[in-house]
Number of protein chains: 2
Amino acid sequence: MASQTEENYLKSLFNLANDKNEVNISELAAQMQVSMPTVNSMVKTLQKNDWLIYEKYKPVILTPQGKKEAALIIRKHRLTEMFLVNKMGFGWEEVHEIAEQVEHIHAPKFFERMDEMMGFPTIDPHGSPIPDKQGRIQEINYLSLSDCKAGQTVILAALTNSSTEFLEFLNGRNLSLGTELKIRSKEAYDQSIVVTYPDHSSETLSEKVCEKLLVKVVE
Amino acid sequence: MASQTEENYLKSLFNLANDKNEVNISELAAQMQVSMPTVNSMVKTLQKNDWLIYEKYKPVILTPQGKKEAALIIRKHRLTEMFLVNKMGFGWEEVHEIAEQVEHIHAPKFFERMDEMMGFPTIDPHGSPIPDKQGRIQEINYLSLSDCKAGQTVILAALTNSSTEFLEFLNGRNLSLGTELKIRSKEAYDQSIVVTYPDHSSETLSEKVCEKLLVKVVE
DNA sequence: CTACATTGTTAGATTATTCTAACAAAATTG
DNA sequence: CAATTTTGTTAGAATAATCTAACAATGTAG
Ligand SMILES: [Mn+2]
Ligand SMILES: [Mn+2]
Ligand SMILES: [Mn+2]
Ligand SMILES: [Mn+2]
């Protein structure tokens with residue numbers, strides 16, 4: 001059974017993996033906030049459990065088992081976040097840190113019960129998909145708001161970043177998942193976008209913000 | 001901040017402590033299921049945090065800080081058990097193992113929210129008191145069913161043992177907290193007691209069972 | 001293609017938690 | 001009280017997770 005530390009490494013590996021499931025040691029060290037020698041020794045440990053393939057001086061490669069293991073931890077994380085928001089009244093900006101701990105609890109029934117109580121949600125409070133019990137993830141291809149054009153109407157569907165600071169920025173503007181935005185104009189100079197949505201007749205969103213907002217085009 | 005291991009030792013120390021807050025190394029080793037040298041080294045560590053007083057060849061003594069720290073972990077454990085039963089539909093026999101893990105989560109708001117949602121309960125699903133936020137415990141002096149006499153009517157209020165096996169034994173007889181029991185007779189030979197309660201006109205309970213059932217005398 | 005920067009590895013050490021073996025102190029018991 | 005049992009300690013080792021310092025391989029930019 002994976003230790004909490006190993007579980008956190010697996011999650012990072014999963015999130016950093018490219019299309020060939022490769023991850024560089026330096027990226028992983030940065031993500032985990034540990035030194036490269038620490039990662040070097042940990043990947044050797046993870047290899048013993050067949051969660052990844054390690055060869056000197058090459059990026060490590062997550063195995064299918066490693067991916068599944070990681071996805072199941074991410075499942076617990078996202079179910080927890082959704083439970084905290086939907087059933088316990090937390091704000092979407094408060095749940096990540098708690099889920100970071102709860103995800104390591106070994107009690108299948110606990111998470112199954114959450115899942116049932118919520119009616120088997122498919123996304124977490126930040127719009128990220130919840131892997132199923134087999135560790136499969138349904139990928140949805142949203143558009144970034146920064147790639148939209150003036151005149152389009154879109155619905156805010158997910159975020160590419162869920163830091164507390166960003167979530168509080170969105171709270172301050174009453175922006176939440178499901179909000180319908182009408183794109184009024186786009187400034188050629190700095191790529192900022194002016195949007196209209198319920199109770200907000202004109203909000204300007206910087207490119208930095210727009211690129212983190214994933215949307216579905218309505219019309 | 002206490003590690004999970006330290007927190008588990010503190011809980012055991014709290015539960016084993018006598019009226020002078022003393023605990024023997026051997027008892028603690030048995031409770032924690034580790035060797036005595038392991039306990040010996042851990043108590044030296046706990047002493048550094050001023051959670052207990054250690055002197056060679058003497059029983060260790062929990063300090064007030066140690067007691068408080070322990071009580072606050074027990075608070076999280078019992079709040080969790082109650083939440084699992086009252087808000088998530090678990091049986092009282094399923095919750096201890098989950099709470100054993102959840103009690104180590106560092107997220108005051110998480111437990112405060114549970115507390116609020118349940119209306120600030122004072123006992124857990126097994127009748128044990130929930131320490132308050134200051135780590136104070138209200139002790140209730142229940143009577144053991146084994147000390148009751150024929151003719152008395154009592155209400156099942158708590159258990160001195162909450163093992164899954166015992167809880168399943170009670171489930172099998174529809175015995176739960178709050179059940180009103182009329183004591184029909186007590187066998188002098190083996191101290192077994194015959195009781196009557198809703199839908200059960202005559203159940204015989206062995207002394208082994210009776211001594212684990214804590215009751216309030218109704219009349 | 002060399003020089004420099006970046007990336008990755010090894011070696012060696014530290015802290016936490018645990019163990020077994022050996023020994024020492026304290027308690028019990030005849 | 002002396003012998004034995006129980007309880008507690010020390011020493012020494014193992015594993016997990018981490019670090020810094022030193023060095024080696026790889027990649028990049030003239
Ligand atoms: Mn999260
Ligand atoms: Mn985590
Ligand atoms: Mn319990
Ligand atoms: Mn525990």
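Note that this is a predicted model, so its numbers are computed, not measured. No hydrogens, no waters, no symmetry mates; every other heavy atom, side chains included, goes into these values. Residue numbers start from 1 in every chain, and the chains themselves are labelled A, B, ... in the order their sequence lines are given, proteins ahead of strands.
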Rounding to an integer number of Å, can you tell me how far [X] [atom1] sits from [N] [atom2]?
{"X": "B:E7", "N": "C:dA16", "atom1": "CD", "atom2": "P", "answer": "15 Å"}
{"X": "B:N24", "N": "C:dA25", "atom1": "CG", "atom2": "C1'", "answer": "14 Å"}
{"X": "A:M32", "N": "D:dA16", "atom1": "CE", "atom2": "C1'", "answer": "14 Å"}
{"X": "B:Y57", "N": "C:dC23", "atom1": "OH", "atom2": "P", "answer": "14 Å"}
{"X": "A:E6", "N": "D:dT15", "atom1": "CD", "atom2": "P", "answer": "15 Å"}
{"X": "A:E55", "N": "D:dT26", "atom1": "CD", "atom2": "C1'", "answer": "16 Å"}
{"X": "A:L10", "N": "D:dA17", "atom1": "CG", "atom2": "P", "answer": "11 Å"}
{"X": "A:L28", "N": "C:dG8", "atom1": "CG", "atom2": "P", "answer": "10 Å"}

**OP:** Specify the closest pair of heavy atoms between A:L159 and A:F166, including all atoms of both residues, with the distance to one decimal.
**Re:** CD2-CE2, 4.2 Å
Subject >> Sidechain N-carboxylate O distance under 4.0 Å for A:R173, A:E168 >> reply: no
For [N] and [X] - does any side-chain N or O of the residue sit under 4.0 Å from the phosphate oxygens OP1/OP2?
{"X": "A:Y54", "N": "C:dT9", "value": "yes"}
{"X": "B:Y9", "N": "C:dT18", "value": "yes"}
{"X": "B:S3", "N": "C:dA16", "value": "no"}
{"X": "B:T38", "N": "C:dT17", "value": "no"}
{"X": "B:N40", "N": "D:dT9", "value": "yes"}
{"X": "B:S26", "N": "D:dG8", "value": "yes"}
{"X": "B:K56", "N": "C:dA26", "value": "no"}

Subject >> Side-chain donor/acceptor of B:Q47 to backbone N/O of B:Y54, under 3.5 Å >> reply: yes
Original post:
If only atom types and distance count, is the side chain of B:S128 paired as donor or acceptor with the main-chain N or O of B:D124 below 3.5 Å?
Top reply: no
Original post:
Taking the six-membered ring of B:F111, is NZ or CZ of B:R113 closer than 6.0 Å to its centre and within 45° of its axis?
Top reply: no
Original post:
Base, sugar-phosphate, or nothing: which does A:K44 touch, judged by heavy atoms less than 4.0 Å apart?
Top reply: sugar-phosphate
Original post:
Looking across every strand, which nucleic acid part, if any, lies under 4.0 Å from B:S35 by heavy atom: base, sugar-phosphate, or nothing?
Top reply: base
Nearest to side-chain heavy atoms of [X], which nucleotide of [options]:
{"X": "B:M36", "options": "C:dA21, D:dT26, D:dT7", "value": "D:dT7"}
{"X": "B:P37", "options": "C:dC19, D:dA21, D:dA17", "value": "C:dC19"}
{"X": "A:I25", "options": "C:dT10, C:dC19, C:dG8", "value": "C:dG8"}

